[in-house]
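Heads up, the thing below is written out as structure tokens.
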Amino acid sequence: MEAGNHTEVSEFLLLGLSEDPELQPLLLGVFLSMYLTTVLGNLLIILAVSSDPHLHTPMYFFLSNLSFVDICFTSTTVPKMLVNIQTQNKAISYIGCFIQVYFFMIFAVMEVFLLTVMAYDRYVAICHPLHYTVIMNPRLCGLLVLMSWFIIFWVSLLHILLMRRLTFCAGTEIPHFFCELAQLLKAACSDTLINNIVLYVATSLLGVFPLAGILFSYSQILSSLMRISSAGGKYKAFSTCGSHLCSVSLFYGTSLGVYLSSAVTHSSQQNSVASVMYTVVTPMLNPFIYSLRNKDVKGALRRLFSQGAPCLR
């Protein structure tokens, strides 16, 4: 495309989930409800863990970090979509779009890293119970989280710096409800070979290796459970992994579903609808997954509500 066809791009157009005007009020109500549920649910998990001394353990330290990331992950995309629906304005500024891409990548990959670290935590707790407190000491837990943030910060920044060199045509439309890196690269009017190579390499390293770590951890856990003779002992040991396994299956299952649907259908609208599962639904369900099946969290929530009840009188 000739240089004369390019102008200084000041904004992009987010096409959203549907252009049907009759569906907009329904979408606004549904996503506002899901967003408020996500924020409230994950905030309650953070408050329960921080206020209850019994939950000041590595497992719940990582869980509170996961809840914080889930709030930020959803807040990166949903509020802007709600504003666009309410104002009937599809525009997002050039800088705003890049900021959204940056923070979306940070929180999406941080979710993956935390799920991986939580799998390692369960592996140590079940396979090396006598050395658990020594291995999973507060210093190591803090270091694992800080290292994850550090790696993601620089990887995301690299993607943004590479995107800054791209040119976009005026009135560029993004067939999604948020600025997704892959969709932006498709919409670029200049060569994106380097960007795509970096994207594929980063996806492989930051997606496949953590998944391999999770699978390795659970293979060792299953091997350890096989050596436990009593059925009650097996159930008690594996019950501590149930919530985490559900969360991992939900996140990776929906993410894989989005990838497969994009490879099979090539429909941008169907891909954006599928993306709702891991960007909105998964963060909303995580508090329920970790509280409904967990007696410690349910007890902490009851104590939290009982402490807050007198303040409401």
Side-chain angles (χ1 to χ4, degrees), residues 42-73 102-103 105-158 202 205-225 236-248 251-252 283 286-287 289-291 294-297 299-301 303-304:
N42 284 288
L43 192 59
L44 285 174
I45 293 291
I46 294 172
L47 291 174
V49 172
S50 60
S51 64
D52 195 323
H54 297 96
L55 300 185
H56 293 175
T57 62
M59 181 173 72
Y60 294 110
F61 169 72
F62 295 130
L63 177 58
S64 61
N65 275 273
L66 181 67
S67 294
F68 171 74
V69 169
D70 279 337
I71 292 174
C72 297
F73 188 35
Y102 178 71
F103 283 106
M105 286 190 293
I106 283 180
F107 296 124
V109 181
M110 190 64 192
E111 181 112 2
V112 172
F113 278 11
L114 283 173
L115 290 174
T116 306
V117 171
M118 291 170 79
Y120 175 70
D121 172 75
R122 292 299 83 206
Y123 156 71
V124 176
I126 293 175
C127 299
H128 306 283
L130 299 179
H131 302 95
Y132 177 71
T133 55
V134 176
I135 297 174
M136 300 303 295
N137 58 77
R139 183 179 178 181
L140 177 64
C141 294
L143 185 63
L144 288 171
V145 173
L146 286 175
M147 283 298 296
S148 298
W149 283 112
F150 181 79
I151 293 170
I152 297 164
F153 172 82
W154 287 109
V155 172
S156 301
L157 185 61
L158 174 61
L205 294 176
L206 302 180
V208 176
F209 278 96
L211 179 59
I214 293 172
L215 294 176
F216 172 78
S217 296
Y218 274 102
S219 68
Q220 296 299 306
I221 289 172
L222 288 174
S223 176
S224 180
L225 291 178
K236 184 178 179 181
F238 192 74
S239 63
T240 62
C241 305
S243 299
H244 176 261
L245 198 57
C246 288
S247 187
V248 169
F251 184 81
Y252 271 100
N286 275 343
I289 292 172
Y290 282 100
S291 61
N294 192 306
K295 294 180 180 179
D296 294 332
V297 175
L301 288 172
R303 288 187 287 272
L304 181 66

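Formation of a donor-acceptor pair under 3.5 Å by the T116 side chain with backbone atoms of I214 is not found in this model. Of the possible donor and acceptor atoms, one in the side chain of N137 sits under 3.5 Å from a partner among the backbone N and O of V134. Side chain of N65 to backbone of L63: no donor-acceptor contact under 3.5 angstrom is found. When atom types are taken as modelled, the side chain of S50 and the backbone of L47 share a donor-acceptor pair closer than 3.5 angstrom. Looking at S223, its side chain never comes within 3.5 Å of a backbone N or O of Q220 through a donor-acceptor pair. N42 places a side-chain N or O within 3.5 Å of a backbone atom of P283 that can act as its donor or acceptor partner.
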Q) Can you check side-chain contact (heavy atoms from CB on, under 4.5 Å) on F62 and V145, steps first, answer last? A) CA-CA 8 Å; F62 295 130; V145 173; 3.9 Å; yes
Q | Residues Y218, H244; criterion side-chain contact (heavy atoms from CB on, under 4.5 Å); working and verdict | A | CA-CA 11 Å; Y218 274 102; H244 176 261; 2.7 Å; yes
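The CG atom of L146 sits 11.0 Å away from atom CD1 of I151, with the distance rounded to the nearest 0.5 Å. Taking CG of N286 as the start and CD of E111 as the end, the distance is 6.0 Å to the nearest 0.5 Å. Separation of atoms OH (Y123) and CD1 (I135) is listed at 7.5 Å; rounding is to 0.5 Å. How far CZ of F103 is from CD1 of I152: 12.5 Å, rounded to the nearest 0.5 Å. Here the straight-line distance linking atom OG of S148 with atom CG of L114 works out to 6.5 Å at 0.5 Å rounding. With values rounded to the nearest 0.5 angstrom, L157 atom CG is found 9.0 Å from M105 atom CE.
Atom CZ of F209 is surrounded by 12 or fewer heavy atoms from other residues, nucleotides or ligands within 6.0 Å. In the displayed structure, H128 atom NE2 is contacted under 6.0 Å by more than 12 heavy atoms of other residues, nucleotides or ligands. Taking a 6.0 Å sphere around CZ of F68, one finds it holds 12 or fewer heavy atoms contributed by other residues, nucleotides or ligands.
Minimum interatomic distance between S247 and Y290 (heavy atoms only, all atoms of both residues): CB-OH, 3.5 Å. For C141 against F61, the heavy-atom pair with the smallest separation is O-CE2, 3.7 Å. Nearest heavy-atom pair across P129 and C127 is CD-C, 3.4 Å. Nearest heavy atom pair, residue I46 against residue S64, reads CG1-O, 3.7 Å. The shortest heavy-atom contact between M59 and Y132 is N-OH, 3.9 Å. R122 approaches C241 most closely through the heavy-atom pair CB-SG, 4.0 Å.
Between V117 and D121, every side-chain heavy-atom pair lies at or beyond the 4.5 Å cut-off. Taking the side chain as every heavy atom from C-beta outward, V155 and L206 approach each other to under 4.5 Å. Looking at heavy atoms from C-beta onward, V112 lies in side-chain contact with F251 at the 4.5 angstrom threshold. Using a 4.5 Å heavy-atom cutoff, the side chains of D52 and Y60 are not in contact. At a threshold of 4.5 Å between non-hydrogen side-chain atoms, the residues Y120 and P58 do not count as touching.
Using bins of under 30°, 30° to 60° and over 60° for the plane-to-plane angle, the ring pair W149/F107 lands in the perpendicular bin.
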